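In what follows, a single structure is set out as structure tokens and then discussed.
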Amino acid sequence: MIDVNELRENPDLFRASQRARMADESIVDAIIAADSTRRSALNRFESLRAEQNAFGKKVAVAKGEEKQALLVEVKELAGSVKAAQAESDQAKTEQDALVRSMSNVIEPGVPSGGEDDFETLRHVGEPRDFGAEGFEPKDHLQLGELTGGIDMERGAKVSGARFYFLKGMVARLEIALLRLALDEAISHGFTPMITPTLVRPETMAGTGFLGEHSDEIYHLEEDDLYLVGTSEVALAGYHGDEILDLSNGPVRYAGWSSCYRREAGSHGKDTRGIIRVHQFNKVEMFSYVRIEDAEAEHQRMLAWEEEMLAKAELSYRVIHTAAGDLGTSAARKYDCEAWVPTQGAYRELTSTSNCTTFQARRLNIRERIPGEGGAATKGTRPVATLNGTMATTRWLVAILETHQQPDGSVIVPEALRPYMGGVKVIPVL
RNA sequence: GGAGACGUGCCAGAGCGGCCGAAUGGGCUUCACUGCUAAUGAAGUGUGGGUCCGCCCACCGGGGGUUCAAAUCCCCCCGUCUCCGCCA
């Protein structure tokens, strides 16, 4: 959630951000109006309440007839206090709804526009030239089937469309990838975490996923629990309502979990293979940092993601996502998209977002305000949160296709071999 | 699944419907004292919001209710613990 005081003081910044996102600008003025209504209603209630409190003290010490007289008088006051309180609560609720519906303010330099208006920052590695090598690459599903590693048919039989079995060497490859990702994260100071994948409505709402994208989320009616689409949900909720000590640097967690997505609006899209599925695994970085450190942490996360892509020996490009494609919480987002040979396209493998103080405000996660020499002074302020992908099941698509051989066997990237008992090649069955 | 107990500040732990934002002890910070440490003494030590910057309002797991007035009484929810049952 955005900072209302800042919005009041600098509305143009917020209007510009909304414009860049191609979102409604008028919400800025609506919030300012609702805030002023809220404050005047609150003032009315509080002064009446103060009066009532003062009366209450008199009533407490009065005796007999005097007490009875005071009671009659104060009874009327109690009525107006109640009414003023209702009005004040109402104004607060209205303002809150508006504020919560507004997206984060973008960071400087974020490209304006929608999904296709991203800026390409760089290309790393050359896409493998199968033409020059003289053979037609197979897609990841063909490869998966040839090696006995992916079974979509039985996935559909057991669970329906967009479900799959990973078997044998491909199953091992996924575990190897995730373990490498976790070890990399640990070496960068992240504490490994295995998180709950079912969360309560409050947690889901707190992370901002229950808004526009609520139809993407599985909900268990019987128990009123949600299946998470990423461990970010649990990791952000982890320190909810807490005051953190960031004086020794960022607090970093690497979440390992299954992720569940309904893929509601994507019928007919990516129906082949495991590119877009209802359930997959992911190792996710999540950092709590001081506001001043957020931008630097974001650059670090991007660099760590690129290191992982290098270890998987993939060619990719890095894009700077446009404002309209950021999602509610992010102020800036970088995606790394790997080259998928049979699609002739770059597909997203990682995504790292700087949510600045947006999530922390909503979840009430703060730190003591650092004073001179780093010692905490009076007061608190929200922290910044960031997240980024270390590895997901989808990586298998790019790895299988990129490292395939003419017969359909697949060479295992060197960095993954120690996690596969030294296996160098996934053979055709 | 059944029965019961409990949830108060950084921690432990009191709390009669009004004098309770909350006793007491510990911790922490500052000061004093003592060669140093320890000990001792004194003061301070929650969060959020509003503000005419004097103060004022709210918060005792969460949400409702009763009352002129709720940490305190009533209801619902969440959580923790104990016992019984069930499953492994």
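Model, not experiment: these values are computed from the prediction. Just so we're on the same page: letters track the sequence lines, and every chain starts at 1.
- In this structure, the CZ atom of A:Arg381 is 13 Å from the P atom of B:G48, given to the nearest Å.
- As a whole-Å value, the separation of A:Arg44 CZ from B:A58 C1' is 18 Å.
- Annotation: B:G21 and B:C36 have their P atoms spaced 44 Å apart (nearest Å).
- Between the CD atom of A:Glu367 and the P atom of B:G48 there is a distance of 12 Å, given to the nearest Å.
- Taking atom P in both B:U8 and B:G4, the straight-line distance is 22 Å, to the nearest Å.
- Helical stems in RNA chain B, defined as runs of 3 or more consecutive Watson-Crick or G-U wobble pairs with both donor-acceptor distances under 3.5 Å, are listed by first residue as B:1-7 with B:78-84, B:10-12 with B:24-26, B:27-32 with B:40-45, B:46-50 with B:55-59, B:61-65 with B:73-77.
- Within 90° of 0 lies the glycosidic angle of B:G54, which makes this nucleotide syn.
- The separation of B:C74 from B:U67, taken at their C1' atoms, amounts to 12 Å, rounded to a whole angstrom.
- At a threshold of 4.0 Å, the pair A:Glu216-A:Arg262 does not count as salt-bridged, since none of the basic side-chain nitrogens sits closer than that to a carboxylate oxygen.
- Scored by the ring pair (Phe, Tyr, Trp, His ring centres under 6.0 Å) test, A:Tyr288 finds A:His239, A:Phe286 as partners (sequence neighbours excluded).
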Which letters describe nucleotides 6-12 of chain B, given B = protein heavy atom under 4.0 Å from base, S = only from sugar-phosphate, - = neither?
-------

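- Rounded to whole Å, the distance from CG on A:Asp245 to C1' on B:C28 is 14 Å.
- Across the protein-nucleic acid pair, A:Arg366 atom CZ and B:G46 atom C1' stand 10 Å apart, rounded to whole Å.
- Across B:G63 and B:G7, the matching C1' atoms stand 16 Å from one another, rounded to whole Å.
- Computed from coordinates, the A:Glu46 CD to B:U51 P distance equals 9 Å when rounded to whole Å.
- Applying the side chain to side chain donor-acceptor pair (under 3.5 Å) test to pairs two or more places apart or on separate chains, those with a residue in residues 151-170 of chain A are A:Asp151-A:Arg154.
- Taking the charged nitrogens against the carboxylate oxygens, A:Glu337 and A:Arg394 have no contact shorter than 4.0 Å, which rules out a salt bridge.
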Go through the steps for A:Thr120 and A:Val318 under the test side chain to side chain contact (heavy atoms under 4.5 Å, CB included), then give the verdict.
CA-CA 6 Å; A:Thr120 303; A:Val318 182; over 6 Å; no

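- Shown for residues 33-43 of chain A: residues whose heavy atoms fall under 4.0 angstrom of RNA chain B, namely A:Arg38, A:Arg39, A:Leu42, A:Asn43.
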Show each protein N/O and nucleotides 75-79 of chain B N/O combination with a separation under 3.5 Å, one pair to a line.
from	atom 1	to	atom 2	distance (Å)
B:C78	O2'	A:Arg200	NH1	3.2

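- Residues A:Arg38 and A:Asp96 are not paired through a salt bridge, judged by the lack of any N-O separation under 4.0 Å between the basic side chain and the carboxylate.
- The gap from the P atom of B:A58 to that of B:A69 amounts to 12 Å, rounded to the nearest Å.
- At least one side-chain heavy atom of A:Arg21 sits under 4.5 Å from a side-chain heavy atom of A:Asn104.
- In this structure, A:Arg361 places its CZ atom 17 Å from P of B:U47, rounding to the nearest Å.
- Pairs of residues two or more places apart, or lying in two chains, that qualify as salt bridge (Lys or Arg N to Asp or Glu O under 4.0 Å) and include a residue from residues 178-205 of chain A are A:Glu184-A:Lys311, A:Arg200-A:Glu202.
- By the ring pair (Phe, Tyr, Trp, His ring centres under 6.0 Å) test, A:His188 is found to be paired with A:Trp304, residues two or more places apart in sequence or in another chain being considered.
- Mapping A:Asp89 and A:Glu51 onto RNA chain B via the closest heavy atom, the residue that lands nearer the 5' end is A:Glu51.
- Looking only at side-chain heavy atoms (C-beta outward), A:Cys355 and A:Thr385 come within less than 4.5 Å of each other.
- Ion pairing between A:Arg347 and A:Asp270 holds under the 4.0 Å rule for side-chain N and carboxylate O.
- Position along RNA chain B of the nearest nucleotide to A:Asn53 versus A:Lys57 favours A:Lys57 as the more 5'-ward residue.
- A salt bridge links A:Lys282 to A:Glu284: at least one charged side-chain nitrogen sits closer than 4.0 Å to a carboxylate oxygen.
- B:C11 sits 16 Å from B:G27 when the P atoms are compared, rounded to a whole Å.
- Residues satisfying the salt bridge (Lys or Arg N to Asp or Glu O under 4.0 Å) test with A:Arg332, not counting sequence neighbours, are A:Glu295.
- The salt bridge (Lys or Arg N to Asp or Glu O under 4.0 Å) pairs that include a residue from residues 139-148 of chain A are A:Asp139-A:Arg272, where partners are two or more places apart or lie in different chains.
- Here the separation of B:A23 from B:U72, taken at their C1' atoms, is 15 Å to the nearest Å.
- Ion pairing of A:Arg252 with A:Glu297 is present here, as a side-chain N (NZ or NE/NH1/NH2) and a carboxylate O approach within less than 4.0 Å.
- For the ring pair (Phe, Tyr, Trp, His ring centres under 6.0 Å) test, residues two or more places apart in sequence or in another chain that qualify with A:Tyr238 are A:Tyr253.
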Atom pairs, protein N/O to nucleotides 68-70 of chain B N/O, distance under 3.5 Å:
from	atom 1	to	atom 2	distance (Å)
B:C68	OP1	A:Lys75	NZ	2.8

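- Atom name C1', nucleotides B:C60 and B:G48: the rounded distance is 15 Å, in whole Å.
- Annotation: the span from A:Glu174 atom CD to A:Thr392 atom OG1 amounts to 8.5 Å, rounded to 0.5 Å.
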